[in-house]
Amino acid sequence: MDRKTFYLTTPIYYVNDVPHIGHSYTTIAADTLARYKRMRGCDVFFLTGTDEHGQKIEKAAKINNENPIELADRMVERFQNLWKVLDISNDGFIRTTENRHVKQVQSAFAKMYESGDIYLGEYEGWYCVPCESFWTSMQLSSNNCPECERSVEKIREKNYFFRLSKYQDLLIEYFEKHPDFIKPESRRNELHRRIVGGIDDISVSRAAVEWGVHVPMDDEHTIYVWVDALFNYITALELNDSAKLKKYWPANVHIIGKEILWFHGVIWPAMLMSLGEEVPYQVFAHGWWTLEGKKISKSLGNAIDPIEITETYGVDTYRYFLLREVPFGLDGNFSYEAMVNRINCDLGNDLGNLLHRVLTMIEKYCEGLVPEHEGLLSAEGKELVERSEKLNEEVDSAMSNLQFSKALESIWDYIGLVNKYVEISKPWVLAKELSEKNKLNEVLYNLAESIRIISSFILPFMPNVAEEMRKQLGLSLEEEPVENDFTWGGMSPGTKVCKGSPIFPKFEHPAIN
RNA sequence: GGCGGUGUAGCUCAGCUGGUUAGAGCGGCGGAAUCAUAAUCCGUAGGUCCGGGGUUCGAGUCCCUGCGCCGCUACCA
């Protein structure tokens with residue numbers, strides 16, 4: 001039987017920048033979705049990688065007195081190391097400097113040239129010499145460079161162009177037939193209006209840039225980095241008719257930041273249409289993080305290395321915070337205050353304490369063995385079971401829409417219900433009466449089983465925490481997590497639990513400056 | 001400038017096609033309980049739903065307008 005495939009990607013990260021919170025956010029979201037889909041039985045292919053060409057890299061390397069590829073090699077290591085630290089389970093990693101990629105990009109470019117969708121034309125624009133930037137007349141601020149306010153000069157350059165305008169109607173049609181193509185909806189509407197407003201052909205080659213993929217029919221030019229970069233999503237699968245491409249393409253979702261939506265939502269589908277390839281099912285553009293209320297930028301120098309955060313606060317807690325604090329798609333604010341609050345309250349008080357109190361009772365009242373009980377479930381016990389089924393539906397629906405925070409909210413509602421169940425059932429009272437032994441056993445079994453289910457739902461978000469919970473519950477860590485883990489009844493009576501120290505130690509709130 | 005969004009409790013936000021006393025989480029306050037990382041559970045917050053005008057039997061929810069904030073307008077998660 002063929003399993004359903006699920007192909008998801010992050011952008012390939014530009015190696016001119018050190019990895020920061022934004023990169024980690026996209027990748028953690030993608031990883032969580034990938035892990036979730038694997039548990040649901042999908043054949044997942046999760047791709048990330050690095051974008052290594054272009055003028056910025058060329059210049060940065062020159063300043064460092066090294067070859068561009070040396071710079072890239074160094075930076076790639078930093079990204080790969082971060083993914084390792086954050087427990088990213090990517091199935092593929094692609095670098096745009098790899099030979100397999102370069103060759104396929106050239107062949108796609110040649111194909112579009114042969115079909116007439118790429119043509120040699122003349123680029124006309126405004127050039128700011130000190131900034132080394134090109135601007136359209138619309139971008140100019142009172143006829144000067146919008147960045148430095150100095151005067152600009154008109155330049156003409158032979159360039160290859162992609163006939164984007166030709167795809168206007170097809171794109172509009174695609175947007176209208178696939179309302180979920182771009183998420184969130186507000187972004188979709190923005191793009192849609194802009195396409196309706198008219199799109200021009202785009203320059204897809206640069207004569208002035210040497211560090212890039214050379215235009216196959218004209219060695220004087222390199223291919224515009226964005227064109228080069230976008231193709232990674234299919235060159236990683238082997239574009240030229242391989243079984244892998246057929247198996248996974250079109251991608252189920254490209255997860256990206258909102259600033260690169262134009263490329264993914266318009267240019268990329270148009271080029272795929274030109275090549276006769278299918279368009280991805282969805283492009284999901286998430287929001288931006290501010291740091292303590294301020295925009296994160298190089299000029300402010302306030303970027304934080306995710307590795308630093310995780311060294312202090314832990315990897316799983318960081319993953320949890322990013323996906324819980326802000327609905328995916330909206331902007332959010334990262335603050336240590338909020339992070340500590342989430343760790344202490346959601347994780348420590350609600351979840352960590354629940355695990356700890358239940359295991360203590362199983363050890364105290366049942367010699368550390370998950371008890372067996374006779375007879376039917378009590379009304380409260382039934383509610384736990386029913387709500388776990390509802391939770392299963394809620395989480396699946398939220399995850400299908402990449403609503404990570406919503407999925408976590410549902411899981412935490414359930415955790416709240418289980419804590420309530422402890423209060424209502426009062427196992428410490430039942431334990432005092434020998435005649436209540438069967439009732440006590442039922443309660444403790446239900447609690448252990450509820451926590452097992454919770455650990456399954458949490459696994460895609462916090463893989464290490466889930467593993468630790470399972471270990472303390474006495475479950476085998478050998479077996480791969482599967483869909484069955486989400487449904488009631490997986491806990492075998494007689495399982496020996498193994499309580500450890502609290503899984504979420506409390507943090508002091510950071511001093512307020 | 002053009003196009004679009006948004007303004008709801010101290011804070012962060014839910015409130016779909018207009019319909020009974022406007023909701024959640026966190027914080028604050030009061031109580032219960034003792035299995036537990038002083039964790040948990042229960043109760044409580046009386047907020048001109050930005051201002052003004054209008055449509056309607058009825059508007060936080062629709063329309064107009066004023067003010068504030070934000071996004072897109074082809075570098076950057």
Side-chain angles (χ1 to χ4, degrees), chain A residues 10-14 16-17 19-30 48 51 54-56 131-136 138-139 146-147 164 185-187 189-194 196-197 199-200 202-203 225-226 255-263 266-267 285-289 296-298 303 306 322 324-327 330-333 335 337-338 341-342 344-365 405-406 409 412-413 415-416 418-431 443-444 447 499 501-506:
Chain A
T10 73
I12 48 175
Y13 301 112
Y14 204 49
N16 190 37
D17 201 2
H20 53 70
I21 184 170
H23 299 108
S24 71
Y25 183 46
T26 318
T27 310
I28 286 168
T48 187
D51 181 7
Q55 195 167 33
K56 278 188 187 169
C131 292
E132 294 183 56
S133 314
F134 293 91
W135 307 102
T136 63
M138 272 193 37
Q139 288 175 293
E147 209 151 83
L164 186 62
E185 201 184 344
S186 56
R187 300 278 157 207
N189 294 340
E190 259 170 28
L191 272 202
H192 181 247
R193 275 192 303 271
R194 205 170 135 197
V196 171
I199 44 181
D200 298 329
I202 54 162
S203 158
V225 276
W226 261 110
I255 298 176
I256 63 167
K258 63 182 182 178
E259 73 289 346
I260 54 176
L261 183 56
W262 175 255
F263 299 99
V266 177
I267 297 176
H286 64 64
W288 278 10
W289 286 93
I296 299 171
S297 74
K298 272 190 185 170
L322 292 181
R324 174 61 233 265
E325 183 71 1
V326 175
L330 301 184
D331 291 350
N333 179 46
S335 81
E337 173 86 26
N341 210 35
R342 288 284 178 200
N344 289 351
C345 298
D346 297 6
L347 298 177
N349 297 351
D350 297 343
L351 175 59
N353 182 54
L354 173 64
L355 174 71
H356 204 247
R357 71 197 299 209
V358 167
L359 293 186
T360 301
M361 290 189 280
I362 292 176
E363 290 190 344
K364 272 193 185 172
Y365 310 142
S405 63
K406 204 171 166 188
E409 266 176 55
W412 255 258
D413 278 349
I415 291 171
V418 179
N419 268 319
K420 226 164 273 185
Y421 179 73
V422 176
E423 296 299 321
I424 293 167
S425 312
K426 303 190 196 326
W428 51 91
V429 174
L430 299 176
V443 169
L444 292 180
L447 286 171
K499 189 176 78 165
S501 45
I503 52 177
F504 297 110
K506 294 274 172 89

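Naming: A, B, ... by sequence-line order, numbering from 1 per chain.
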Scan [X] against the nucleic acid and name what it touches under 4.0 Å (heavy atoms): base, sugar-phosphate only, or nothing.
| X | answer |
| --- | --- |
| A:Arg193 | sugar-phosphate |
| A:Ile202 | base |
| A:Ile424 | nothing |
| A:Tyr365 | sugar-phosphate |
| A:Gly257 | sugar-phosphate |
| A:Asp350 | sugar-phosphate |
| A:Trp412 | nothing |

Looking only at the side chain of [X] (C-beta and beyond, no hydrogens), which of the listed nucleotides [options] gets closest?
| X | options | answer |
| --- | --- | --- |
| A:Cys345 | B:A74, B:G27, B:U40 | B:G27 |
| A:Tyr13 | B:A77, B:A74, B:G71 | B:A77 |
| A:Thr360 | B:C35, B:A39, B:U37 | B:C35 |
| A:His23 | B:U40, B:U34, B:A77 | B:A77 |
| A:Glu423 | B:A36, B:U37, B:G71 | B:A36 |
| A:Asn349 | B:U40, B:C76, B:G71 | B:U40 |
| A:Lys364 | B:C42, B:C35, B:A39 | B:C35 |
| A:Pro502 | B:U40, B:U37, B:A74 | B:U37 |

Measure the distance from CH2 on A:Trp262 to P on B:C75 and round it to the nearest whole Å. 11 Å
Taking atom P of B:A74 as reference, at what distance in whole Å does atom CG of A:Leu191 sit? 13 Å
Give a yes-or-no answer on whether the side chains of A:Thr27 and A:Tyr13 include a donor-acceptor pair shorter than 3.5 Å. yes
Less than 4.0 angstrom from a charged side-chain N to a carboxylate O is my criterion; do A:Glu259 and A:Arg187 meet it? no
B:A45 - base-pair partner by Watson-Crick or wobble geometry, distances under 3.5 Å: none
